[in-house]
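Below you'll find the structure, written out as structure tokens, and then a few comments.
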Amino acid sequence: MADVSARSADLIIAITMADIAIILVAGSILGRLVRYVRQPPVVGEIIAGIALGPSLLGLLPGDLPSRIFPSEVRPYLSAIAHLGLLVFMFGIGWEFDKRLLQGRHGTTAAVSIASVVVPFVLAVGLAALLYDRHDSVNGKHISFTAFALFMGAAMSITAFPVLARILTEHGMMGTRVGALALASAAIDDVLAWCLLALVGAIVTASGGSGDFAQTVILAALYVTAMLLVVRPLLSFLVRRWVRDRMPPQFIVVLVAGLFLSSYATTLIGVHAIFGAFAFGFVMPRESRGVLSEGVKRPFGGISLVLLPVFFIVTGLNVDIGALSGRDLLELVAIIIVASAGKLLGASIPGRLAGLPWREAGTLGILMNTRGLTELIILNAGVSLGVLDSRMFTMMVVMALFTTALTGPFLPKAQAPADQAGPRARPEELAAATPAA
């Protein structure tokens, strides 16, 4: 790339475009290669991001990460990454469907709650041990409450879109354990976003309890407005405009609403991804076929192209070589706690609900999938100032390890579809989910 000295705006934009090309090619190549070891593309894309950062490329002479991705370009890459991220989160909110829960309310609730509570409690306990070495970020002291809650939220997550892709590739979408895992993961993600919103409110309320109360009140008003004003308005527009095709003005309304919702939550003191998720959540489900073709698939295409940029921006902040021996011990503890929390929290209630031990164990393995959703939360932790660089690196490695662990331990197929109970439109869901 060009020298880092004063560059014109045109040159910076040109380098940004070239960097995006490098990102897309690297992510595509590694995303395909990992399929040979039964891994979802997201694993390869995360590895590509780490490889292009200081952890691998930075080991070569010439400071290649800074030359290829110079400091002037990184804000542009970050903005592009967040654009794709917000569109992706809109799709995740839209995918949360009550029909996922049909016929298995009690079991789903038990698995969902336990697979959040168990890793959350274990993570808070681990946070108490790690806090003294990670209580300051860029010279700013972080409260134990914010640190512990964030660790709990980060370890409680299950990557809903990655899980949907894994289930599809392993022929498990129509099985009892697959449908249960998908429904539980959807609820887990909602609970984790709520925990993240709480962390954001605590961190941004620097003025004390008064600011925190204001953030909570504004967040409650925002949720109320989304449910009582925005949702009926969108339903009205769907009935009025959407028939056998998608009118351009409706797409404009959706895109504008998505970004305004993200802007509103940022002003409130909650991360922008929560606004994108909430806007997708209140999106009408009527005229699903037309909406899927006119909105969901194009939005999924945007995410497919722009999300690899998010992985690279994340990888540029990961420096495995900077971890000390003590950090590596902490990394092992983080992986053990994260894996054990999900395995125990999902498999035991699954067994108590009547699943055979083999299916209960498979359920625990599936719920341990983190992938992209974990990276979203970790980047939010960095922007909120809750994670230092070493903890961020360790948590990213944990996300990669737990996601990569899923594929090799799963059978290629489970019980036939007629043993799965009520189906939850899985084919449509998987088709609409980016190959994350």
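Not measured: the values here are computed from a predicted model. All values below come from the heavy atoms of this structure, side chains included, with hydrogens, waters and symmetry mates left out.
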Next item on the list: Please round to the nearest 0.5 Å and tell me the distance separating atom CG of Asn368 and atom OG1 of Thr403.
Entry: 8.0 Å
Check: If every non-hydrogen atom of Ala154 is compared with every non-hydrogen atom of Glu374, which pair is closest and at what distance?
Finding: O-OE1, 2.5 Å
Notebook entry, point to check: Heavy atoms, side chains only, cut-off 4.5 Å: are Pro70 and Asp19 in contact?
Noted result: yes
Notebook entry, point to check: Between the side chain of Ser156 and the main-chain N/O of Val116, is any donor-acceptor distance below 3.5 Å?
Noted result: yes
Notebook entry, point to check: If every non-hydrogen atom of Ser184 is compared with every non-hydrogen atom of Val111, which pair is closest and at what distance?
Noted result: OG-CG1, 3.4 Å
Notebook entry, point to check: Is the side chain of Arg32 donor-acceptor paired with the backbone N or O of Gly44 at a distance under 3.5 Å, no angle test?
Noted result: no
Margin query: Treating Thr402 as the side-chain partner and Ser339 as the backbone partner, does any N or O pair qualify as donor plus acceptor under 3.5 Å?
Written below: no
Check: Between the main-chain N or O of Leu24 and the side-chain N or O of Ser28, is there a donor-acceptor pair closer than 3.5 Å?
Finding: no
Notebook entry, point to check: If you round to the nearest 0.5 Å, how far is CD1 of Ile23 from CD of Glu45?
Noted result: 11.0 Å
Margin query: I need the Leu64 CG to Arg67 CZ distance, nearest 0.5 Å.
Written below: 7.5 Å
Check: Minimum heavy-atom separation for Ala219 to Ile268, with atom names?
Finding: N-CG2, 3.8 Å
Note to self: To the nearest 0.5 Å, what is the distance between CG on Leu254 and CE on Met283?
What the structure shows: 4.5 Å
Check: Can you say whether the rings of Tyr131 and His141 are parallel (under 30°), tilted (30 to 60°) or perpendicular (over 60°)?
Finding: perpendicular
Notebook entry, point to check: Can you name the nearest heavy-atom pair linking Pro284 to Ser235, along with the distance?
Noted result: CG-N, 3.6 Å
Next item on the list: Flag the pair Arg390 and Glu330 as a salt bridge only when some basic side-chain nitrogen lies within less than 4.0 angstrom of an acidic carboxylate oxygen.
Entry: no
Note to self: Does any part of the side chain of Pro41, heavy atoms only, come nearer than 4.5 Å to the side chain of Arg35, both counted from C-beta?
What the structure shows: yes
Note to self: Within this structure, what is the NZ-CG distance for the pair Lys342 and Leu366, rounded to the nearest 0.5 Å?
What the structure shows: 11.5 Å
Next item on the list: Could you label the plane-to-plane angle of the Phe274 and Tyr222 rings as parallel, tilted or perpendicular, counting under 30° as parallel and over 60° as perpendicular?
Entry: tilted
Notebook entry, point to check: side chain to side chain contact (heavy atoms under 4.5 Å, CB included) between Ile334 and Met395: does it pass, once the steps are laid out?
Noted result: CA-CA 8 Å; Ile334 288 171; Met395 294 295 284; 3.8 Å; yes
Checklist line | 4.5 Å side-chain heavy-atom contact, Met391 and Leu130 | finding: yes
Next item on the list: Report yes if some heavy atom in the side chain of Val25 is under 4.5 Å from a heavy atom in the side chain of Ile29; otherwise report no.
Entry: yes
Check: Is it true that a side-chain atom of Arg370 and a backbone atom of Ala338 form a donor plus acceptor pair closer than 3.5 Å?
Finding: yes
Next item on the list: Please examine the side chains of Phe250 and Val238, heavy atoms only from C-beta on, and report whether any two atoms are closer than 4.5 Å.
Entry: yes
Check: In Å and rounded to the nearest 0.5 Å, what is the OG to CZ distance from Ser78 to Phe310?
Finding: 9.5 Å
Next item on the list: Check the pair Asp135, Ile142 against side chain to side chain contact (heavy atoms under 4.5 Å, CB included), reporting the backbone distance first and the verdict last.
Entry: CA-CA 5 Å; Asp135 62 348; Ile142 302 300; 5.6 Å; no
Note to self: Using only atom types and a distance under 3.5 Å, with no angle test, would you say the side chain of Ser261 pairs donor to acceptor with the backbone of Gly257?
What the structure shows: no
Next item on the list: Over all heavy atoms of both residues, which pair between Pro54 and Gly315 is shortest? Give the atoms and the distance, please.
Entry: CD-O, 4.0 Å
Checklist line | Any side-chain heavy-atom pair of Ile320 and Val397 under 4.5 Å | finding: yes
Notebook entry, point to check: Under the 3.5 angstrom rule, does the side chain of Asp327 hit a backbone N or O of Ser324 as a donor-acceptor pair?
Noted result: yes
Notebook entry, point to check: Are Phe69 and Ile15 side-chain neighbours, meaning at least one heavy-atom pair lies under 4.5 Å?
Noted result: no
Check: What heavy-atom pair brings Val313 and Ala81 nearest, and what distance separates the two atoms?
Finding: CG2-CB, 4.3 Å
Notebook entry, point to check: Quick one: does Met151's side chain get under 4.5 Å of His134's, heavy atoms only?
Noted result: no
Check: Under the side chain to side chain donor-acceptor pair (under 3.5 Å) rule, what pairs show up with a residue in residues 310-323, not counting sequence neighbours?
Finding: Thr314-Asn379
Note to self: Under the criterion side chain to side chain contact (heavy atoms under 4.5 Å, CB included), I'd like the reasoning laid out for Leu234 against Phe279: C-alpha separation, chi angles, the key distance, then a yes or no.
What the structure shows: CA-CA 10 Å; Leu234 289 174; Phe279 192 76; 4.1 Å; yes
Checklist line | side chain to side chain contact (heavy atoms under 4.5 Å, CB included) between Leu387 and Val137, intermediate numbers included | finding: CA-CA 7 Å; Leu387 294 183; Val137 179; 5.8 Å; no
